[in-house]
Amino acid sequence: MERLRGMYDVLPSEVWIWQRMEKIVSQVFQSYSFQEIRFPVVEETALFTTAIGEATDVVEKEMFSFQSRSGLPISLRPEGTAGCVRAVIQNDLCNRGTIQKLWYQGPIFRYERPQKGRNRQFTQYGAEIFNVSSPQADAELILMSARLWKKIGLPNITLEINSLGTGQARLEYREVLITYFKSHIDQLDKDALSRLETNPLRILDSKNPKMQEIVQNAPVLSDYLDEESMDHFEQLKSILDECGIKYVVNQKLVRGLDYYSRTVFEWITSDLGSQGTICGGGRYDSLVELQGGKPTPAVGFAMGLDRIIELIKDLNLWQPDNQVDAYMVIDKEIHMKHINKISEKIRSALPNLNLLINQNPSSFKAQFKKADKLSADFAIIIGEHEIKNESITLKSLNDKDFGQKEMKFDEFVNTLNQYK
RNA sequence: GCGGCCGUAGUUCAGUUGGUAGAGCCCAGGAUUGUGAUUCCUGUUGUCGCGGGUUCGAGCCCCGUCGGCCGCCCCA
């Protein structure tokens, strides 16, 4: 039996990266007063098709969809926002305009062709703000993500932002675009033709060199933005300027989910090949209503932990902590019952000490070698001598001045307490 | 979903015109009677991704399949 395609195991040798990352992210989110919310990995398929949009790639070909035993079409979540919004509505978290700042974390599933930085199961951390329509919320999310990158130590990442305007402005622009592309229909490639009716905005994203000219000369979205959206965008930019966040306005940044309006943004790295986006998000002021809730402005982002961890590994940004604080070196002649008794006593007195006991004792030399390999700070030596004296010998493996001392239990505990 | 490259011990790889497999690292033990580097010695592991075909004979050739990587598409 083998792992399914696009899935992966996180092995003990690298799980520390995940754990440290989880700690950092949740700590930063909490420092902005976001609260964690947890919701299912499986939802009705209809939730995703209405939220994300029928004509998107995610819905058209990337969902893990199947039927429940009752025949209901259900899907593994291909993104987090739809489920989060569903939970907010169903539990009435936003009644009477309550501001909610929520974060979530967990596995996301998309049936795509795997590649570096792209798996079929991957982990997203997301943050959403409900009931704040001002660009203050958009800005806070961007500032919070910027703080995260700094804390993680990510180099070479850039922020791209754009405004899609209100739904209505977008509709208007859409018509203009369709008219424009139809007048150049002979120059469109296959991909563009199929998008012409479903999602013409994404034709602008085409990387086909033959399409560049027609794309370059296409009408620009910003010319069709409504007054309010333009003002919203300008305010956002001025906050970012004031806080020293650098960004690039990318007029062609559209994003593949239909629910976005006004602000959209992406954080991009050049160190991961063609999978450059490590975090993306935007405003979705009409989604809550679309899902059956009261009109509620909202904005959020999601970041791909897998890609960020890939970066940390590739660029060697982090170093692991010692897995073992102390390694117990044992004379193999001693009965294990003495060893267990002593080690249990140590664990009660020093609960934070990571103590590894050699359960297959060989020569002292081999055991010290092992302790050294694990880069333990201390060796705890139990031999016949120590058993007879009811003592413990403690040896520092990285402090020569400390050397090696035989001591009674209380002194031993006090000594290690100073260290840990 | 489309195009290209690849798949040999835990890992990185070698394997010459087809004659049934090796090296480094890692791991374990040891180099005299309770001590960490380096060095030295010893040792373990492979359905050569899987299935089929060609051949007297295939890790090497052919087909299929699964998986990985790269590009496109798209996205986190």
Side-chain angles (χ1 to χ4, degrees), chain A residues 1-8 11 13 52 55-62 77-81 105-126 145 189-192 194-195 199 202-203 205-209 253-257 264-269 272-281 300-311 327 329-334 360-387 393-400 403-404 406:
Chain A
M1 278 303 219
E2 278 170 6
R3 212 184 308 129
L4 252 32
R5 183 167 212 192
M7 310 287 175
Y8 59 92
L11 303 180
S13 58
I52 298 167
T56 58
D57 279 12
V58 170
V59 165
E60 270 177 4
K61 51 186 192 189
E62 293 175 3
R77 60 183 181 198
E79 62 110 41
T81 301
Q105 153 275 125
I108 304 287
F109 301 85
R110 283 187 205 164
Y111 196 91
E112 292 185 274
R113 182 120 173 209
Q115 233 180 83
K116 188 182 178 67
R118 193 168 77 184
N119 296 299
R120 289 184 174 176
Q121 176 179 338
F122 56 100
T123 302
Q124 277 190 355
Y125 271 64
S145 51
D189 64 13
K190 202 177 123 205
D191 213 44
S194 74
R195 298 224 185 288
N199 203 340
R202 284 208 292 154
I203 299 177
D205 241 354
S206 172
K207 278 157 198 150
N208 184 346
L253 181 62
V254 198
R255 300 190 54 73
L257 313 178
V264 291
F265 63 93
E266 280 186 17
W267 288 95
I268 297 166
T269 174
L272 272 182
S274 60
Q275 264 58 53
T277 306
I278 56 168
C279 174
F301 72 72
M303 47 191 267
L305 260 244
D306 312 55
R307 287 185 182 172
I308 297 170
I309 283 171
E310 196 83 29
L311 275 178
Y327 188 84
V329 175
I330 301 159
D331 185 330
K332 59 186 168 194
E333 299 303 321
I334 292 173
N360 244 337
S362 48
S363 73
F364 269 59
K365 186 169 191 130
Q367 293 187 67
F368 274 96
K369 261 188 183 172
K370 182 77 182 170
D372 190 55
K373 232 165 239 165
L374 293 166
S375 38
D377 294 303
F378 291 98
I380 294 169
I381 304 157
I382 307 291
E384 307 231 15
H385 182 74
E386 284 79 6
I387 296 290
T393 298
L394 184 65
K395 176 174 182 175
S396 170
L397 294 177
N398 47 31
D399 181 359
K400 279 205 172 127
Q404 175 172 332
E406 184 183 350

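Letters go in sequence order (proteins before strands), and every chain restarts at 1. Computed from a predicted structure; not experimentally measured. Computed over heavy atoms, backbone and side chain alike; hydrogens, waters and symmetry mates excluded.
The same atom, C1', is picked in B/U42 and in B/C6; the two are 37 Å apart, to the nearest Å. Taking the P atoms as reference points, B/C40 lies 23 Å from B/U45, given to the whole Å. Between the C1' atoms of B/U44 and B/G30, the separation comes to 15 Å (whole Å). With both ends at atom C1', the span from B/G49 to B/G67 equals 7 Å, rounded to whole Å. Comparing the C1' positions of B/A31 and B/G36 gives a spacing of 16 Å, expressed to the nearest Å. B/A14 and B/C56: their P atoms are spaced 31 Å apart (whole Å). As rounded to the nearest Å, B/G19 and B/G59 have P atoms that lie 10 Å from one another. Comparing the same atom, P, in B/C26 and in B/G51 gives a spacing of 34 Å after rounding to whole Å.
Listed by first and then second residue, the side chain to side chain donor-acceptor pair (under 3.5 Å) pairs involving residues 366-380 of chain A are A/Asn358-A/Gln367, A/Asp377-A/Asn398, A/Asp377-A/Tyr419 (not counting sequence neighbours).
Separation of atoms CG (A/Leu272) and CZ (A/Arg307) is listed at 7.5 Å; rounding is to 0.5 Å.
A/Arg120 forms a cation-pi arrangement with A/Tyr111, by the criterion of a distance under 6.0 Å to the ring centre and an angle within 45° of the ring axis.
In this structure, the side chain to side chain contact (heavy atoms under 4.5 Å, CB included) partners of A/Leu4, at least two apart in sequence or on a different chain, are A/Met7. Checked against side chain to side chain contact (heavy atoms under 4.5 Å, CB included), A/Glu406 has the following partners two or more places apart in sequence or in another chain: A/His385, A/Asn389, A/Ser391, A/Thr393. Judged as a ring-ring contact (aromatic ring centres under 6.0 Å, His included), and not counting sequence neighbours, A/Tyr8 has no contacts. When the salt bridge (Lys or Arg N to Asp or Glu O under 4.0 Å) test is applied to A/Glu386, no partner is found at least two apart in sequence or on another chain. Under the salt bridge (Lys or Arg N to Asp or Glu O under 4.0 Å) criterion, A/Arg255 pairs with A/Glu266, sequence neighbours left out. Not counting sequence neighbours, the partners of A/Lys116 by the salt bridge (Lys or Arg N to Asp or Glu O under 4.0 Å) test are A/Glu310, A/Asp314. Residues passing the salt bridge (Lys or Arg N to Asp or Glu O under 4.0 Å) test with A/Glu62, sequence neighbours excluded: none.
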Nucleotides 65-70 of chain B: protein proximity per nucleotide (B base, S sugar-phosphate only, - neither; heavy atom, under 4.0 Å): --SSSB
Contact state string [nucleotides 24-42 of chain B, B base, S sugar-phosphate only, - no protein heavy atom under 4.0 Å]: ---SSSBB--BBBS-----
Contact pattern, 5' to 3', of nucleotides 7-12 of chain B - B, S or - by protein heavy atom under 4.0 Å: ------
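Inter-residue side-chain proximity for A/Lys395 and A/Val329 is flagged as unmet; no heavy-atom pair is nearer than 4.5 Å.
Within the nucleic acid shown, A/Arg110 comes within 4.0 Å of at least one base atom, counting heavy atoms only. Using a 4.0 Å heavy-atom cutoff across all strands shown, A/Glu62 reaches sugar-phosphate atoms only and no base atom.
A/Val254 and A/Val264 make their closest contact through O-CG1, 4.5 Å (heavy atoms, listed as atom of the first residue, atom of the second, distance). For A/Gly6 against A/Pro114, the heavy-atom pair with the smallest separation is CA-CG, 3.8 Å.
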Pairing pattern in dot-bracket form [Watson-Crick, G-U; both distances under 3.5 Å; | = partner strand] for RNA chain B: (((((((..((((........)))).(((((.......))))).....(((((.......))))))))))))....
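No donor-acceptor pair under 3.5 Å is formed between the side chain of A/Arg110 and the backbone N or O of A/Lys61.
The CD1-P distance, from A/Ile203 to B/C73, rounds to 14 Å in whole Å. Between the P atom of B/A76 and the CZ atom of A/Phe122 lies a distance of 7 Å, rounded to the nearest Å.
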